[in-house]
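This report refers to the structure that appears directly beneath it.
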There are 2 protein chains.
Amino acid sequence: MSSTTAVLDVRPLSRLFKALGDETRLRIVALLTHGELCVCHLEDALRIPQPTASRQLAVLRRAGVVECRRDGTWVYYRLARQLDAMAGSQLRTLVASFGKQRLLREDVARLQQAKGPGSCQ
Amino acid sequence: MSSTTAVLDVRPLSRLFKALGDETRLRIVALLTHGELCVCHLEDALRIPQPTASRQLAVLRRAGVVECRRDGTWVYYRLARQLDAMAGSQLRTLVASFGKQRLLREDVARLQQAKGPGSCQ
DNA sequence: TGCGTGCATTCGCATATTCGTATGTGGCGG
DNA sequence: CCGCCACATACGAATATGCGAATGCACGCA
């Protein structure tokens with residue numbers, strides 16, 4: 001009856017957008033679009049200091065955008081599967097857009113092979 | 001050669017996400033998904049004070065998310081066509097998601113007919 | 001057990017965002 | 001011309017967000 005009741009919960013979506021509304025975080029997501037990366041890779045690729053990388057990754061993690069996996073000394077980040085349907089649609093659209101950026105793809109490939117296949121040693 | 005050069009300009013996209021990263025603004029966009037509305041409609045539907053509506057609409061306008069048209073005393077807002085390709089994709093995905101929300105559609109329809117067909121008189 | 005490395009967190013400060021309140025502006029009617 | 005209406009904008013206070021610098025923590029290794 002009343003249109004004041006939340007007929008649509010926009011909170012998951014607004015949380016996603018808030019996390020993506022920062023250039024550094026968006027560049028991180030762009031890189032992760034092409035596969036998982038560890039923090040040192042992101043620092044190198046984006047030329048950002050280590051605490052910045054770590055902090056922005058924490059923001060993305062708290063927003064459910066990324067998740068991480070520890071492998072010995074290194075921590076690998078990847079995009080997380082979205083629980084909210086609309087958030088999932090938006091992130092899939094974003095991944096599709098970034099996937100079309102050839103230069104970005106090449107950047108990531110160069111980055112990964114420069115660091116050796118699959119690790120940071 | 002250097003991967004520091006901005007291989008991908010994320011600024012238009014981050015501007016869009018920053019604008020959408022607020023619950024009130026996202027609810028406004030959700031309503032505008034179904035057609036243009038004047039400010040007083042938005043105030044009523046969202047139960048927000050007038051300066052809040054006006055301010056958030058200004059934020060959306062400066063971010064290029066919405067545009068407005070003056071009709072006498074009233075100002076009608078609608079979603080704006082996106083210049084940036086990736087921003088356009090995101091907004092289209094959002095519109096598609098919101099369009100599937102039946103309750104929201106009904107809310108808007110009720111709102112518009114309660115206010116009379118096409119104006120605020 | 002001590003040290004180095006990769007990553008996370010804390011602190012302090014500068015800047016940005018949000019909201020309520022008050023005020024300004026433009027258009028219409030009397 | 002005056003007053004009303006819809007809407008926009010200018011404050012000021014509270015809160016949030018950003019970064020650099022420093023510190024903490026976990027893991028691997030000698």
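Heavy atoms only: backbone and side chains are in, while hydrogens, waters and symmetry mates are out. Everything numeric here is computed off the predicted structure, so don't read it as measured data. Throughout, protein chains are lettered first and strands after them, A, B, ... in sequence-line order, and every chain is numbered starting at 1.
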Atom [atom1] of [X] to atom [atom2] of [N]: distance rounded to whole Å?
| X | N | atom1 | atom2 | answer |
| --- | --- | --- | --- | --- |
| B:Arg69 | C:dG27 | CZ | C1' | 15 Å |
| B:Asp22 | C:dT17 | CG | C1' | 9 Å |
| B:Asp71 | C:dG27 | CG | P | 12 Å |
| B:Gln56 | C:dA16 | CD | P | 18 Å |
| A:Tyr77 | C:dG6 | OH | P | 16 Å |
| A:Arg55 | C:dA8 | CZ | P | 12 Å |
| B:Gln50 | C:dG24 | CD | P | 15 Å |
| A:Ile48 | C:dG6 | CD1 | P | 16 Å |

(request) Apply side chain to side chain donor-acceptor pair (under 3.5 Å) to B:Thr33 and list each qualifying residue two or more places apart in sequence or on a separate chain. (result)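 B:Thr33 satisfies side chain to side chain donor-acceptor pair (under 3.5 Å) with no other residue.
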How is [X] classified with respect to the nucleic acid when contacts are heavy atoms under 4.0 Å: base, sugar-phosphate, or nothing?
| X | result |
| --- | --- |
| A:Ser54 | base |
| B:Glu23 | nothing |
| A:Pro49 | sugar-phosphate |

Hey, could you give me each pair passing salt bridge (charged side-chain N to carboxylate O under 4.0 Å, His left out) that has a residue in residues 54-65 of chain B? Not counting sequence neighbours.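 As it turns out, there is no salt bridge (charged side-chain N to carboxylate O under 4.0 Å, His left out) pair with a partner in residues 54-65 of chain B once direct neighbours are skipped.
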Quick one: salt bridge (charged side-chain N to carboxylate O under 4.0 Å, His left out) pairs with a partner in residues 82-92 of chain B, sequence neighbours left out?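 Of all non-adjacent pairs touching residues 82-92 of chain B, none passes salt bridge (charged side-chain N to carboxylate O under 4.0 Å, His left out).
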- Message: Using a 4.0 Å cut-off on heavy atoms, which residues in residues 13-21 of chain A reach DNA chain D? List them by number, or say none.
- Response: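 Heavy-atom contacts with DNA chain D come from no residue of residues 13-21 of chain A; none.
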Main-chain N/O of A:Leu94 paired with B:Gln90 side-chain donor or acceptor, under 3.5 Å: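 Indeed, once roles are kept as given, a pair shorter than 3.5 Å links the two residues.
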Requested in this report: Look only at the side chain of A:Gln82 and the backbone of A:Ser89, and say whether a donor-acceptor pair between them is shorter than 3.5 Å.
Outcome: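 Pair absent, no side-chain N/O of A:Gln82 close to backbone of A:Ser89.
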- Hey, is A:Glu67 close enough to A:Arg81 for a salt bridge, meaning N to O under 4.0 Å?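 The answer is no: the pair does not qualify as a salt bridge.
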Residue whose nearest DNA chain C nucleotide is more 5′ - A:Ala53 or B:Gly72
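So the residue in question is A:Ala53.
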inquiry  = Can you list everything that forms a ring pair (Phe, Tyr, Trp, His ring centres under 6.0 Å) with A:Tyr77? Sequence neighbours excluded, please.
reply    =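 Applying ring pair (Phe, Tyr, Trp, His ring centres under 6.0 Å) to A:Tyr77 gives none.
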| said: Of all nucleotides in DNA chain D that come within under 4.0 Å of a heavy atom of chain A, which is furthest toward the 5' end and which toward the 3' end? | reply: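 On DNA chain D, the outermost contacted nucleotides are D:dG18 to D:dG28.
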Let me spell it out: for each of B:Arg70 and A:Thr73, pick the nucleotide of DNA chain D with the closest heavy atom. Which residue's pick is nearer the 5' end?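 Upstream on the strand: B:Arg70.
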ask   = Should B:Val95 and A:Phe17 be regarded as members of a common hydrophobic cluster, given that ILVMFWY residues are connected when their side-chain heavy atoms come within less than 4.5 Å of each other, either directly or indirectly?
value =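 Looking at the clustering, A:Phe17 is in the same group as B:Val95.
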Notebook entry, point to check: For C:dG20, does either OP1 or OP2 sit under 4.0 Å from a side-chain N or O belonging to B:Thr52?
Noted result: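 True: B:Thr52 side-chain N/O within range (under 4.0 Å) of C:dG20 OP1/OP2.
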Side chains of A:Leu20 and A:Arg25: does their closest heavy-atom pair fall under 4.5 Å?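 They are not in side-chain contact.
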